Amino acid sequence: MDMHLGFIIPFIIIMSLLLTFCSVKIFQIYQLNSYQHRGVWHWFKDTKFDFQIRYFALAFLSLICCIVFFFAFPYANIGGWHYVGSLFFAGFCVIFAVVQLRQKQKKPLKLTPRIWRTLIVCTLLNAGTVFGFLVIGDAVNQGYYLASLSALFIPINVALSFLILYPIEKQNHRRYIMSAKQKLNANPNLIKIGITGSYGKTSAKDILTIFLSKKFKTLKTPASFNTPLGISKTINDNLTPDIEVLVAEMGARFHGDIAALCKIVEPKYAILTAIANQHLDTMKTLDGIFKTKYELIASLPDNGFAVFLEGSDRLQQAYEKCHTQKVLVPSESARTENAKVTSDGTTFDMVIDGESVRITTKLLGFHIPNMLLMCAALAKKLGVTLNDIKEACEMLAPTPHRLELIKAPHMTIIDNAYNSNPEGAKRALEVLASFEGQKIILTPGFVELGQDMETAHFELGKDISKHADFALLVGSSGEIIKKGILFAIEDGSEFKVENIHLVSSLDEGMLILKQIEGEKIVLFENDLPDNYR
């Protein structure tokens with residue numbers, strides 16, 4: 001091989017490490033999708049293979065620069081310094097990695113033991129890829145230049161890394177989950193509650209936990225720890241013998257996800273908040289979403305108890321199909337009356353089994369009475385009094401990024417940035433309308449709505465025209481949202497066309513926001529998760 005051995009080994013090591021740094025985004029997407037290949041494949045398709053195009057650009061620019069160097073300095077190549085041109089590849093990789101690592105992430109990559117193991121395997125695969133191109137290129141004395149093409153194999157090597165380690169990781173997961181189940185079995189008197197739904201499940205989990213804490217020592221899954229490993233981690237790390245209630249949020253993107261979680265937790269009690277067109281890109285149809293969410297109800301024992309939040313034909317179907325004790329909210333036995341929603345909070349009368357109490361809470365929105373009622377119905381079933389629930393409601397604070405109110409000089413922010421959906425956006429706009437001042441929405445729209453995406457964005461535009469004064473629309477969905485606003489204007493809406501702003505980024509939207517004069521009420525509706533950036 002016509003290569004300098006004193007250079008080849010450092011070159012392979014350095015380039016394999018740089019290629020691994022360039023693959024951090026894909027590792028993050030694997031982590032966000034619970035290390036499922038199909039989730040990552042959906043990300044590639046939904047982002048129109050944006051990152052694969054970037055890797056192609058990295059390889060192409062590096063190769064072109066190497067070729068230009070080859071022809072511009074022929075004597076250097078004859079003299080054995082042909083590998084100097086490969087420094088272009090290294091330089092572009094450094095720039096690519098630095099730009100990628102400096103981008104703000106909603107959920108940055110967590111360097112867990114699994115990620116470290118996979119990073120090591122991926123680096124070895126990258127080294128093999130670089131070495132392979134060196135060998136192939138040596139036949140024409142251009143190995144170091146052809147090594148630039150290694151960038152094209154970054155997604156493949158990341159996927160192979162996870163596949164190679166899959167048997168080991170699966171065994172580790174099995175042991176981790178079995179450990180969690182053993183801890184649960186060691187506490188046979190533990191009250192176990194599962195909560196799922198297309199939206200509202202995190203808020204319901206937080207509210208229910210505060211209600212139950214009035215009587216029980218309660219443990220909830222933190223943040224969005226709603227996967228098998230997330231729930232198992234909560235149990236393994238935090239479940240102690242004195243814990244009386246476990247409240248587990250259960251998330252799903254694919255059919256069978258909820259059933260897998262129920263095998264771990266084995267809940268006796270359940271809350272089903274909603275069945276709506278969320279995750280249509282992976283579950284395909286509303287019927288698929290219904291079957292997946294209903295897996296929680298199907299798992300309940302005959303002496304279990306389920307609470308359903310009325311709101312759709314699918315929820316009504318789930319309620320009627322339920323085989324155990326159940327309550328529909330609102331209903332004659334559990335209802336709210338005399339509700340009043342203002343920018344200061346929500347007040348209403350809560351009636352459960354003929355007993356009534358006046359509720360006051362700082363939580364915002366016309367949906368809040370039924371949300372609190374749903375959690376109260378289950379808490380009362382478990383022995384918490386309505387007076388305790390009344391006291392708890394006065395202490396409630398919004399779940400972060402879910403209609404969370406933030407005060408600033410001359411500006412009030414309604415932070416509803418966590419993974420929005422059409423129904424949640426309508427509620428948030430109603431809250432926005434309850435304030436005095438310049439009403440502004442900043443949003444990139446929705447994700448994971450499949451074939452309903454365009455219709456949902458058009459309807460969002462029509463809703464914006466009813467409740468807002470300014471619309472700052474971020475990204476590719478802005479054009480469709482704008483069409484909805486323009487349609488409403490033609491239909492008689494007083495929304496001003498000049499108050500519609502299409503921007504390419506959140507930062508650009510913030511610059512326009514600062515230029516708007518007067519007291520401002522700003523709704524941040526759905527800061528897209530990293531899967532869609």
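Because only heavy atoms are used, hydrogens play no part in the values below, and waters and symmetry mates are left out as well, while side chains stay in. Values in this document were obtained by computation on a predicted structure and should not be read as measured data.
- Closest heavy-atom contact between Ala397 and Leu363: C-CD2, 3.7 Å.
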request  = Please step through side-chain contact (heavy atoms from CB on, under 4.5 Å) for the pair Thr221 and Asn226, ending with a clear verdict.
outcome  = CA-CA 7 Å; Thr221 51; Asn226 54 19; 5.9 Å; no
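- The local environment of NZ in Lys214 is crowded, with over 12 non-hydrogen atoms from other residues, nucleotides or ligands closer than 6.0 Å.
- Taking CZ of Arg335 as the reference point, atom CG of Leu373 lies at 10.0 Å (rounded to 0.5 Å).
- With Ile193 as the fixed residue, the side-chain contact (heavy atoms from CB on, under 4.5 Å) test singles out one of Thr209, Leu246, Val245, Thr218: Val245.
- Rounding to the nearest 0.5 angstrom, the gap separating the CD1 atom in Ile154 from the SG atom in Cys93 is 6.5 Å.
- Residues Met250 and Cys262 share a closest heavy-atom pair of SD-SG, 3.9 Å.
- Screening Thr324, Leu300, Asn303, Leu190 for a side-chain contact (heavy atoms from CB on, under 4.5 Å) with Lys268, the sole residue that qualifies is Asn303.
- Side-chain contact check for Ser232 versus Ser179: every heavy-atom pair is 4.5 Å or farther apart.
- A donor-acceptor pair under 3.5 Å is formed between the side chain of Lys326 and the backbone N or O of Tyr319.
- Within a 6.0 Å sphere centred on CZ of Arg102, heavy atoms belonging to other residues, nucleotides or ligands number 12 at most.
- Counting non-hydrogen atoms of other residues, nucleotides and ligands closer than 6.0 Å to NZ of Lys362 gives a total of 12 or fewer.
- Between Phe348 and Ala339, the closest heavy-atom pair is CB-CA, 3.7 Å.
- Looking at Lys381 and Gln325, their side chains do bring a donor and an acceptor atom within 3.5 Å of each other.
- Taking CG of Leu272 as the start and OG of Ser198 as the end, the distance is 8.0 Å to the nearest 0.5 Å.
- Heavy-atom contacts from other residues, nucleotides or ligands closer than 6.0 Å to CZ of Phe21 number 12 or fewer.
- Here the straight-line distance linking atom CG of Leu119 with atom CZ of Phe27 works out to 4.5 Å at 0.5 Å rounding.
- By the 4.0 Å N-to-carboxylate-O rule, Asp206 lies close enough to Lys220 to be salt-bridged with it.
- In this structure, Tyr30 has its ring center closer than 6.0 angstrom to the ring center of Phe162.
- A donor-acceptor contact under 3.5 angstrom links the side chains of Thr240 and Asp242, judged on distance only.
- A donor-acceptor contact closer than 3.5 angstrom is absent between the side chains of Asp353 and Ser333.
- Across Ala151 and Leu19, no two heavy atoms sit closer than the pair CA-CD2, 4.0 Å.
- Put simply, CG on Leu403 and CG on Asn416 are 4.0 Å apart, with the number rounded to the nearest 0.5 Å.
- Salt bridge Arg117/Glu169: present, at least one basic N to carboxylate O contact under 4.0 Å.
- Donor-acceptor pairing under 3.5 Å is recorded for the side chains of Thr129 and Asn157.
- Defined by atom type and a distance below 3.5 Å, a donor-acceptor pair is present between the side-chain atoms of Thr202 and Glu249.
- The shortest side-chain heavy-atom distance between Leu372 and Ile207 falls under the 4.5 Å cut-off.
- For the pair Asn187 (side chain) and Ile243 (backbone), a donor-acceptor distance under 3.5 Å is present.
- To the nearest 0.5 Å, the span separating NZ on Lys380 from SG on Cys375 amounts to 15.5 Å.
- Ring pair Phe96/Tyr55: centre-to-centre distance below 6.0 Å.
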